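Bear in mind the structure is a predicted one, so any value in this text is a computation, not a measurement. Just the heavy atoms: all of them, side chains too, but no hydrogens, waters or symmetry mates, feed the values below.
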Amino acid sequence: MARPRSVAAIRSVVRWAPRPTDPVERRLARAASVADLRRLARRRLPRGVFDYIDGAAEDERTLAANAAAFARTAFRPRVLAGLGEVDVSASIFGVPAAYPLVLAPTGFTRIADPQGELAVARAAERAGLPYTLSTLATRSIEEVRAVSGGRLWFQVYAWRDRGLVAEMIQRAAAARYEALVLTVDTAVLGRRERDVRRGFTLPPTIGPSTLVDGALHPRWTLELLRNEPIRFANVAGRDVGDGSSPVTLSDYINSQFDPSLSWSDVEWLRTVWDGPIVVKGIQRVDDAVLAAEVGVDAVVLSNHGGRQLDGAPAPFTLVAPVADAVGGRTEIICDGGIRRGSDIVKALAAGATAAMAGRAYLYGLGAAGERGVDRVLQWFADDMARTMALLGVDAVADLDPSLLAE
Ligand code: FNR
């Protein structure tokens, strides 16, 4: 008598969850956070490639500090706030965005996935967010526009050859890019010691030091060999070198980029670009004030994700003082360490108008391709809505410093 009853009891608690048949869905079903996707990407990518994405300068103290600044700051939630439906939408340069996030420029995206920048641009459009294409992208300005009708921004570095910069800017304008982002924290390249140790080059080479790494990741290696060569697509065929022969990023940047860049160059950009100008890499309040005086449309508080000056301040710690100094005169974008939608909420509560994220989407791309990027961008939207509901706030415009404990 007892036996059938216990079988019935077991039956009542056993549920076989249907296992996705698609391998990418199966992989994604095991991930609940960006940290999970980072672990998956670590397994799927050769270590040299993963370290190029994940790593940062010297002791990686700034990399850690960027995320720690968010972790250290607690919320002060409001209860019984009579919430309406939570709306995470925002506007950036007066244009609606699904939520206040811009996808950061990341060079050489095709090493994480053969579709590279095309995959990220498509995912950004589906999510209703602007995507910033890097000068050092492995898909060109025009190729990316061809797959996306969404908001695209273009990031430039100060090449020694300013004619080349002007030409790329004209191409971006012709392809209806919306904003120009000048990155100003790269006078020389930061010392990324994981890349130094591995002798990492762009494009990655398969040689004695990387053979084992490549052999342990045959899927990645096959795709690298099967697809057209990875190049700096925006300068393909130019005499600055397009990455068709392997270079270390430091040799490339230190020979091609102009460390004498100054505020007058920002003014020069106005003469060659009609749309919004964004300066990315502001790391102190007085530079944010100078940027506002020069009339830039947005400052990106950023230390390049900790990849340049180790010891630079965490961008989140700069948001409040910069908002006090220039809030309302220029948009303030907080870049670095965003791993959850709650980080975006914190940045906005502190006074930013938007956030920017790089590695979060690259981990998604490395773990599961385009669908991995979709997943991250969907999580961010869901996280924001849930966090705001738990904070007692139903509109992005109502996020304010009283919601933060520090
Ligand atoms: C970058 N970043 C970057 N920035 C830029 O202005 N031009 C570029 O080409 C690149 N390339 C690049 C490659 C990779 C692999 C990473 C991880 C980052 C910096 C990027 O735009 C952004 O500032 C950081 O990624 C922000 O930090 P999180 O979000 O990665 O923590």
Side-chain angles (χ1 to χ4, degrees), residues 19-56 60 63 67 103-104 106-124 126-127 131 134 136-139 192 194-195 197-231 243 246 249 305 307 338-340 357-380:
R19 201 162 171 254
T21 48
D22 176 68
V24 175
E25 284 308 317
R26 231 179 7 246
R27 209 173 313 134
L28 281 170
R30 295 203 306 269
S33 65
V34 168
D36 288 347
L37 291 178
R38 175 179 176 273
R39 276 188 288 275
L40 281 173
R42 189 165 191 247
R43 232 176 291 148
R44 287 179 61 76
L45 299 173
R47 282 310 290 264
V49 171
F50 177 78
D51 278 341
Y52 162 71
I53 292 168
D54 192 62
E60 304 192 347
L63 171 68
L103 280 78
T106 56
F108 247 72
T109 309
R110 273 183 60 204
I111 63 168
D113 177 89
Q115 286 289 307
E117 292 83 0
L118 303 184
V120 184
R122 285 190 293 249
R126 273 192 296 276
Y131 168 58
S134 165
L136 296 180
T138 42
R139 297 287 185 185
R192 301 162 191 180
R194 297 197 216 179
D195 296 351
R197 255 174 243 127
R198 292 187 188 280
F200 184 74
T201 56
L202 293 172
T205 44
I206 299 170
S209 59
T210 48
L211 204 58
V212 176
D213 208 6
L216 289 172
H217 299 86
R219 182 200 56 92
W220 183 93
T221 308
L222 263 180
E223 275 170 3
L224 177 77
L225 298 172
R226 209 168 40 206
N227 285 281
E228 75 262 46
I230 298 181
R231 300 257 164 94
L249 198 56
R307 295 160 79 82
I338 301 280
R339 300 291 182 270
R340 295 181 177 279
R359 289 187 189 81
Y361 76 73
L362 290 177
Y363 295 143
L365 188 69
E370 190 163 335
R371 279 183 277 171
V373 183
D374 283 335
R375 191 61 58 99
V376 169
L377 301 181
Q378 183 59 51
W379 279 338
F380 281 170

| Closest non-hydrogen atom pair, Ala124 against Tyr131 | CB-CB, 3.7 Å

| query | Do Asn227 and Arg110 have side-chain heavy atoms sitting under 4.5 Å apart? | reply | yes

| Is the shortest heavy-atom distance from the side chain of His217 to the side chain of Val49 under 4.5 Å? | no

| note | Nearest heavy-atom contact between Ala56 and Gly305 is CB-O, 4.0 Å

| query | Roughly how far apart are Ile230 CD1 and Arg139 CZ, rounded to 0.5 Å? | reply | 9.0 Å

| query | Does Val120 reach the side chain of Asp113, with side-chain heavy atoms less than 4.5 Å apart? | reply | no

| Taking all non-hydrogen atoms of both residues, which atom of Gly364 and which atom of Val376 are closest, and how far apart? | CA-CG2, 4.1 Å

| task | Please answer whether the main-chain N or O of Ala367 pairs with a side-chain N or O of Arg44 as donor and acceptor at a distance below 3.5 Å. | result | yes

| For the residue pair Ala357 and Ile338, what are the closest heavy atoms and their distance? | CB-CB, 4.0 Å

| Main-chain N/O of Arg47 paired to Asp213 side chain as donor or acceptor, under 3.5 Å | yes

| message | So does Asp374 get a backbone contact from the side chain of Gln378, meaning a donor-acceptor N/O pair under 3.5 Å? | response | no

| remark: Here the gap from Arg192 atom CZ to Glu60 atom CD, rounded to the nearest 0.5 Å, amounts to 10.5 Å

| field | Spacing of CZ belonging to Arg27 relative to CZ belonging to Arg43, to within rounding of 0.5 Å | value | 10.0 Å

| query | Donor-acceptor pair, Arg359 side chain versus Gly55 backbone, under 3.5 Å? | reply | yes

| Should the pair Arg307 and Tyr52 be classed as cation-pi, given the thresholds of under 6.0 Å to the six-membered ring centre and 45° from the axis? | yes

| Leu45 side chain reached by Ile53 side chain, heavy atoms, under 4.5 Å | yes

| Is the backbone of Gly369 close enough, under 3.5 Å, to the side chain of Gln115 for a donor and an acceptor to pair up by distance? | no

| note | Separation between CG (Leu118) and OG1 (Thr138), nearest 0.5 Å, reads 8.5 Å

| task | Return the set of residues passing side-chain hydrogen bond (donor to acceptor under 3.5 Å, both in side chains) with Asp36 (not counting sequence neighbours), or none when no residue passes. | result | Arg39

| query | Considering all heavy atoms of both residues, which atom of Ala137 and which atom of Glu117 are nearest to each other, and what is their separation? | reply | CA-OE2, 3.4 Å

| task | For residues Gly358 and Thr106, report the shortest heavy-atom separation together with the two atoms involved. | result | CA-CG2, 4.2 Å

| query | Could you state the interatomic distance from CZ (Phe108) to CZ (Arg231), rounded to the nearest 0.5 Å? | reply | 10.0 Å

| request: Please step through side chain to side chain contact (heavy atoms under 4.5 Å, CB included) for the pair Trp379 and Leu37, ending with a clear verdict. | output: CA-CA 12 Å; Trp379 279 338; Leu37 291 178; 3.5 Å; yes

| task | Give a yes or no answer on whether the side chain of Arg340 reaches the backbone of Phe380 with a donor-acceptor pair at less than 3.5 Å. | result | no

| said: Working to the nearest 0.5 angstrom, can you tell me the gap between Phe50 CZ and Ile111 CD1? | reply: 12.0 Å

| task | Might you confirm whether atom CZ of Arg219 has over 12 heavy atoms from other residues, nucleotides or ligands at distances under 6.0 Å? | result | yes

| task | Please report the C-alpha distance between Arg194 and Asp54 in whole Å, then the side-chain angles of each, then the deciding distance to 0.1 Å, and finally whether the salt bridge (Lys or Arg N to Asp or Glu O under 4.0 Å) criterion is met. | result | CA-CA 9 Å; Arg194 297 197 216 179; Asp54 192 62; 3.0 Å; yes

